[in-house]
Amino acid sequence: FGNNGKVITGFNSGNNFPSKIAVDEKGKIRIAGTVSTDRQHGKWFVYGFLPNGSVDSTFGNKGVLGAKNASNAIASDIAFADSGQFFIAGHNIKLGQPHAFISKIKEDGKLDTSFAKTGIIQLSHISKSPQIVVMPDGRVILGAMSTIERRNYFVVTCYLPNGKVDPMFGSRSNEMK
C-alpha cells in the first residue's frame, strides 16, 4: 500500500484538514476534507485513491476533486451510494450564517445533476458539521443542528435519490415528545 504502507499527499500550499474517509465496494478510497491557505478560508476537497494506495487518476483532476466557487466551505461527511457514486455533506458561511450542503458526486468526480438538478442541495439555518448516511434504497438521511430564534434543534431530513425531500419521512410526527 502506497510507499511502505503509507501515502503522504496534500495541496501544494495551505493546510489540509481531512474529516472523513470512506471506501466503496471496489475498495476505492475517498478522503473528504478542507484546505485553507493564507488567501482562502476553507474549500472542501476529496482525494481519490485506489485500493493499493496509488492516486486514482480517473477521479477528478489527477485524483483530486475541489469545490469550485466555494469559500468558507467545509466538508464534514462522506457516504457511498451504489456504483461508486457518493455524497459529500458539509457547510459554508454566507452572510454570517451557516448553510449546510449535500453534493452527489459521480465515480469520476463530476457532480451528478440527476440529484436536485444541479448535484447540490443548499440548506439554510443548518449549523456546522452535518452528517449523512445513504439507505439501501438510495434515500439520503441528513442529521444536523439548526438554530432558530437562538434555540438549537436537531434536524433529521430524508431526501429521495433525485434530491427531493421525502414527503413520507417523519409524516407521523414532527417532534419527539
Side-chain angles (χ1 to χ4, degrees), residues 9-12 14 16-37 40-50 55-95 97-144 155-166 169:
T9 189
F11 287 100
N12 291 336
N16 295 269
F17 301 98
S19 56
K20 200 71 163 195
I21 298 174
V23 179
D24 75 2
E25 71 274 0
K26 297 176 189 172
K28 289 185 177 183
I29 303 161
R30 301 295 183 249
I31 302 173
T34 305
V35 64
S36 62
T37 65
Q40 282 186 318
H41 299 286
K43 279 185 110 171
W44 64 263
F45 67 84
V46 179
Y47 284 120
F49 296 98
L50 297 173
V55 171
D56 182 355
S57 61
T58 66
F59 177 75
N61 182 6
K62 299 179 184 172
V64 180
L65 170 65
K68 293 181 180 162
N69 303 321
S71 62
N72 294 319
I74 296 171
S76 57
D77 204 5
I78 183 171
F80 274 98
D82 58 355
S83 65
Q85 297 181 343
F86 61 93
F87 293 87
I88 297 290
H91 73 277
N92 53 26
I93 305 296
K94 291 182 179 178
L95 302 174
Q97 297 296 315
H99 294 268
F101 66 84
I102 302 172
S103 295
K104 186 174 184 185
I105 312 294
K106 295 180 183 180
E107 188 173 13
D108 64 2
K110 294 184 174 110
L111 284 174
D112 183 348
T113 56
S114 71
F115 182 74
K117 297 182 182 177
T118 61
I120 302 171
I121 295 174
Q122 292 278 341
L123 307 156
S124 61
H125 305 298
I126 301 291
S127 293
K128 299 175 181 177
S129 302
Q131 301 293 300
I132 55 173
V133 66
V134 180
M135 303 295 286
D137 63 2
R139 293 181 301 150
V140 179
I141 308 292
L142 174 113
V155 177
V156 179
T157 308
C158 181
Y159 295 93
L160 297 169
N162 63 6
K164 293 183 179 180
V165 172
D166 182 350
F169 184 79

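With contacts defined as side-chain heavy-atom distances shorter than 4.5 Å, the pair Leu142/Ile121 does not qualify. Met135 has its side chain out of reach of Asp166: every pair of non-hydrogen atoms, C-beta onward, lies at least 4.5 Å apart. With contacts defined as side-chain heavy-atom distances shorter than 4.5 Å, the pair Asp77/Pro130 does not qualify. Taking the side chain as every heavy atom from C-beta outward, Asp56 and Phe49 never approach each other to under 4.5 Å. You'll find the side chain of Arg30 reaches within 4.5 Å of the side chain of Phe59, heavy atoms only. Contact check for Ile102 versus Ile120: no side-chain heavy atoms found under the 4.5 Å cut-off.
Within the model, atoms CD of Gln122 and OG of Ser103 stand 7.5 Å from one another, a figure rounded to the nearest 0.5 Å. Interatomic distance, CD1 of Ile78 versus CD1 of Ile21, reported as 9.5 Å (0.5 Å rounding). To the nearest 0.5 Å, the span separating CD1 on Ile29 from OH on Tyr47 amounts to 14.0 Å. Between the NZ atom in Lys104 and the CZ atom in Phe86 there is a gap of 11.5 Å [rounded to 0.5 Å].
By the 4.0 Å N-to-carboxylate-O rule, Asp24 lies too far from Lys26 to be salt-bridged with it. A salt bridge links Lys110 with Asp108: the distance from a Lys NZ or Arg NE/NH1/NH2 to an Asp or Glu carboxylate oxygen falls below 4.0 Å.
Scanning both residues, Val55 and Gly63, for their nearest heavy atoms gives CG1-CA, 3.6 Å. Closest heavy-atom contact between Phe169 and Arg139: CD1-NH1, 4.4 Å. Across all non-hydrogen atoms, the minimal contact from Gly33 to Ala75 is O-CB, 3.6 Å. For the pair Phe80 and Gln85, the tightest heavy-atom approach, listed with the atom from each and the gap, is CD2-O, 3.5 Å.
With sequence neighbours excluded, no residue satisfies side chain to side chain donor-acceptor pair (under 3.5 Å) with Lys20. With sequence neighbours left out, Val134 forms a side chain to side chain contact (heavy atoms under 4.5 Å, CB included) with Ala79, Ala81, Phe87, Val140.
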(request) Apply the test side-chain contact (heavy atoms from CB on, under 4.5 Å) to residues Ile105 and Val46: give CA-CA distance (whole Å), side-chain angles for both, the deciding distance (0.1 Å), then the verdict. (result) CA-CA 10 Å; Ile105 312 294; Val46 179; 5.9 Å; no

(request) Determine, stepwise, if the pair Leu111 / Thr118 fulfils side-chain contact (heavy atoms from CB on, under 4.5 Å). (result) CA-CA 7 Å; Leu111 284 174; Thr118 61; over 6 Å; no

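The aromatic rings of Phe115 and Tyr159 sit perpendicular to each other, their planes meeting at more than 60°, with 30° as the lower class boundary.
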